[in-house]
Amino acid sequence: MPQYTLRQPLDPDSVFLPESPSQTAGPYVHIGLALNVAGLPERDHEIANVMAGTNAEGQRIHLRGLVLDGNDIPVDDVLVETWQADANGRYVTDFSFDNAFNSFGRAAPGMGVDQDGWWSFTTLKPGRLPHPDGPEMAPHINLMIFARGINIHLHTRMVFDDEGEANATCPFLSRVPAERRPTLIAKRVEDSENGEPVYEFVIRLQGRDETVFFDF
Amino acid sequence: MAANEHTAFVMRDRNWHPPAYAPGYKTSVARSPRQALMAIQTPSASEISGPDFQRLTLGPYDNDLLNNYREGTERDGLPVGERIQVYGRVIDQFGKPVPHTLVEMWQANAGGRYRHKKDRYAAPLDPNFGGVGRTVTDEGGWYRFRTVKPGPYPWPNDPNSWRPAHIHISVMGPSISTRLITQLYFEGDPLIPHCPIVNTIKDAEAVETLTSRLDMARSRSFDCLVYRFDIVTRGALQTFFENF
Ligand SMILES: [Fe+3]
C-alpha cells in the first residue's frame with residue numbers, strides 16, 4: 001500500500017536555529033555521567049549499567065563490550081549509552097529506579113569489575129518491534145558512543161547471533177550491505193552469569209571490519 | 001500518540017558539527033570512522049523515542065556545585081573561585097522550549113583541576129568542590145546551575161595546548177535523536193581561538209553559539225556573576241504516515 005509522508009514544523013511560522021554544535025565528551029566524562037568511575041561519591045540515584053532487575057519480565061542477559069580504535073587499542077575512557085525495547089518489544093520511555101526494567105542505561109570501563117576497556121550491561125533480551133516499512137525488526141540494542149577524540153557521538157545498533165531467522169528478515173538490517181552486517185552482530189559466549197546468557201560485542205571505530213555507524 | 005503519527009526531527013547538519021576526523025585534535029585521528037555514516041531514511045521507534053527523566057529523583061543540591069560536594073559531610077567550607085550562576089533555556093530549532101529534559105554538567109575547579117582519578121595536573125584539588133551537576137528543565141525549558149568559574153588547564157596535544165575555561169554540558173532532549181554533549185565557553189576568553197578542540201568546529205558562528213554571555217542585569221551584588229547559555233536541540237517535526 002502506498003504511503004504518504006508530510007514533514008513540517010509544529011508551528012510553520014517559527015524561526016529556524018542551528019543545533020548547538022557537539023564537542024567531545026573528553027577524558028573526564030565520568031565526573032559528570034559515571035561518577036564512581038571518576039572516583040567521586042555517588043548521589044542517591046545514578047543512571048548506570050543495570051537496566052534489568054531480577055524481577056524484570058523476560059530473559060535477563062549480560063552484555064560485555066569493547067570499543068577498539070584504529071590501532072586496535074581499547075578505548076578505556078569510553079562512555080556507552082543504550083536504548084532498547086523490553087522483552088515485549090516496547091520502549092520504556094518513563095525512566096525510573098522503581099521500574100524493574102529501564103530502556104536506557106550507561107556503562108564505562110571501570111564500573112564494577114570491568115577492566116582493560118571492557119564495559120558491561122545487565123539487561124533483557126529485547127523483543128521484536130515494528131518497522132514502518134513492513135515486517136518486524138530483529139531484537140536489537142541501540143548504542144551511543146562518547147569519548148575523548150570523538151567529536152560527535154556515534155550511533156550503532158547491535159543484534160544477536162542466536163536470532164538468525166529474525167536477523168534474516170529484518171527490514172532494517174537488510175539495508176546494511178551484507179559484507180558489513182557482521183559488524184553489528186553480538187556473539188553469545190560459553191560463559192554465563194547466574195545461569196543467565198552472556199553476549200559479547202566488539203565495536204571497531206576504524207579500519208578493517210569498522211562497525212557500521214548510523215545517521216538519523 | 002496515534003499509531004499513524006510520529007515525531008521526527010530535522011536532519012543533523014554534519015557540516016555545522018565538527019567532523020569525526022579533525023587532525024588538529026590528535027586523539028580524533030585513530031578514533032574517527034573512515035566509512036561514511038549510514039543514513040536511516042525511515043526512522044522507527046528505535047530512533048525517534050527516548051527516555052523521559054521526570055521521575056528521576058534529584059537531590060536538593062544536584063544543581064548547586066557551591067554546596068553539593070560537602071552535603072552530608074563534616075566539611076563546612078565553600079569552594080575557592082569566582083562564584084557564578086549559569087542559566088539558560090533548552091529550545092529546539094524552531095524556538096520551542098524543551099521542557100522536563102535532563103541537563104547534566106561537569107567541570108574543573110577554579111584552578112583547572114578535575115576531581116578525576118586520571119587528572120594529574122599540578123593545580124590542587126579543592127576539598128570543597130566536586131565538579132558535577134544535574135537538573136531537569138522546567139515547563140519553559142529553563143535550567144540553572146550555581147558553581148565557580150572553572151580555570152583553564154594544559155593538556156597533551158601540541159607541545160603547549162591549553163583548554164579555555166569550559167563546562168561540559170550533556171542534554172537528552174525528547175529522543176535519542178536529540179542527544180547531545182557539548183561544551184560551554186565564556187565570553188572574552190583569549191584561549192578560545194587557540195584551542196584545538198574548539199577548532200574542530202569549522203564555522204566561527206558555530207563557536208559563538210557555544211560562548212556564554214555575561215548577564216549583568218541578573219548578576220547579584222556580593223553573590224555571583226551570571227552567564228547565559230542557551231542550548232538548541234534538533235527541531236521536532238510532525239510526520240504523518242497515511243495509507244491511501
Ligand atoms: Fe574539560
Side-chain angles (χ1 to χ4, degrees), chain A residues 1 3-11 14-28 30-33 35 38-40 43-45 69-71 83 91 93-96 103-104 129 131-133 137 142 144 146-153 205-206 210 212-216, chain B residues 16-18 20 22 27-28 30-31 33-35 37-40 42-47 49 51-53 55-57 59 93-95 104-106 114-117 130-132 168 170 176-177 179-183 197 200-201 206 209 231-232 234-244:
Chain A
M1 205 181 283
Q3 194 177 59
Y4 175 67
T5 303
L6 173 70
R7 286 161 70 94
Q8 63 171 48
L10 302 170
D11 169 9
S14 55
V15 296
F16 185 72
L17 303 164
E19 187 186 7
S20 295
S22 173
Q23 290 270 265
T24 180
Y28 304 125
H30 318 102
I31 294 175
L33 308 183
L35 281 67
L40 276 166
R43 297 160 293 195
D44 284 346
H45 295 295
D69 73 9
N71 301 315
W83 182 241
Y91 283 97
T93 53
D94 189 13
F95 185 98
S96 170
S103 283
F104 185 75
L129 64 159
H131 187 273
D133 283 352
M137 295 187 282
N142 307 292
M144 289 174 275
F146 301 86
R148 172 173 68 101
I150 296 181
N151 292 322
I152 180 163
H153 61 282
L205 296 179
Q206 193 184 96
E210 181 179 304
V212 179
F213 298 104
F214 297 97
D215 188 13
F216 52 80
Chain B
W16 178 258
H17 286 285
T27 319
S28 77
R31 292 185 170 190
R34 290 292 186 270
Q35 306 276 341
L37 298 178
M38 194 181 145
I40 299 176
T42 319
S44 68
S46 295
E47 288 79 34
S49 62
D52 176 339
F53 292 105
R55 285 208 294 149
L56 180 70
T57 317
Q93 288 179 282
F94 300 111
E104 296 162 283
M105 58 86 107
W106 64 99
Y114 279 105
R115 189 173 285 282
H116 191 288
K117 280 181 193 166
V132 54
H168 296 267
S170 162
I176 66 158
S177 293
R179 182 83 181 93
L180 183 73
I181 290 184
T182 187
Q183 299 183 29
I197 289 178
T200 60
I201 299 174
T209 68
I231 302 162
V232 181
R234 291 169 68 181
L237 294 161
Q238 202 67 50
T239 300
F240 300 94
F241 296 102
E242 282 178 36
N243 292 323
F244 59 89

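A note on names: the letters A, B, ... follow the listed sequences, proteins ahead of strands, and every chain is numbered from 1. Predicted model only: the values in this text are computed from it and were never measured.
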Comparing B:P33, B:A22, B:S170 against chain A, the one with the most heavy-atom pairs below 4.5 Å turns out to be B:P33
(message) Keeping B:H17 on the side-chain end and A:S22 on the backbone end, is there a donor-acceptor pair under 3.5 Å?
(response) yes
When rounded to the nearest 0.5 Å, the distance separating CZ of B:R115 from CG of A:L40 is 7.0 Å
Main-chain N/O of A:E19 paired to B:W16 side chain as donor or acceptor, under 3.5 Å
yes
Under 4.5 Å to a heavy atom of chain B? For A:L129 that would be side chain
Chain B shares the most heavy-atom pairs under 4.5 Å, among A:R148, A:H131, A:M144, with A:R148
From the list A:D44, A:L33, A:I150, the residue making the most non-hydrogen contacts under 4.5 Å with chain B is A:L33
The reported gap from OG in B:S46 to CG in A:N142 (rounded to nearest 0.5 angstrom) is 4.5 Å
Between the NE2 atom in A:H45 and the CZ atom in A:F95, the distance rounded to the nearest 0.5 Å is 10.0 Å
Any side-chain heavy atom of B:L180 within less than 4.5 Å of one from A:S20?
yes
Assert top hit (heavy-atom pairs under 4.5 Å, partner chain A, pool B:T209, B:T57, B:I231) equals B:T57
Okay, A:T24 and chain B: the region with an atom under 4.5 Å from a heavy atom over there is both
Counting heavy-atom pairs under 4.5 angstrom with chain B, the leader among A:Y28, A:Y91, A:F16 is A:Y28
In terms of heavy-atom pairs under 4.5 Å with chain B, the winner among A:G70, A:P27, A:A38 is A:A38
So, the part of A:F104 with a heavy atom under 4.5 Å from chain B: the answer is side chain
Interface check, chain B: of A:W83, A:F216, A:F214, A:F146, most non-hydrogen pairs under 4.5 Å belong to A:W83
Okay, B:E104 and chain A: the region with an atom under 4.5 Å from a heavy atom over there is side chain
Rounding to 0.5 Å, atoms CZ (B:R31) and CG (A:N71) come to a distance of 10.5 Å
**Request:** Evaluate the ring planes of B:H168 and B:W106, with Trp represented by its six-membered ring, and classify them as parallel (under 30°), tilted (30 to 60°) or perpendicular (over 60°).
**Result:** parallel
Rounded to the nearest 0.5 angstrom, the CG-CZ distance for A:L205 and B:R34 is 10.5 Å
Honestly, the part of B:S177 sitting under 4.5 Å from a heavy atom of chain A is both
The interface call for B:A20 against chain A, heavy-atom contacts under 4.5 Å, is backbone
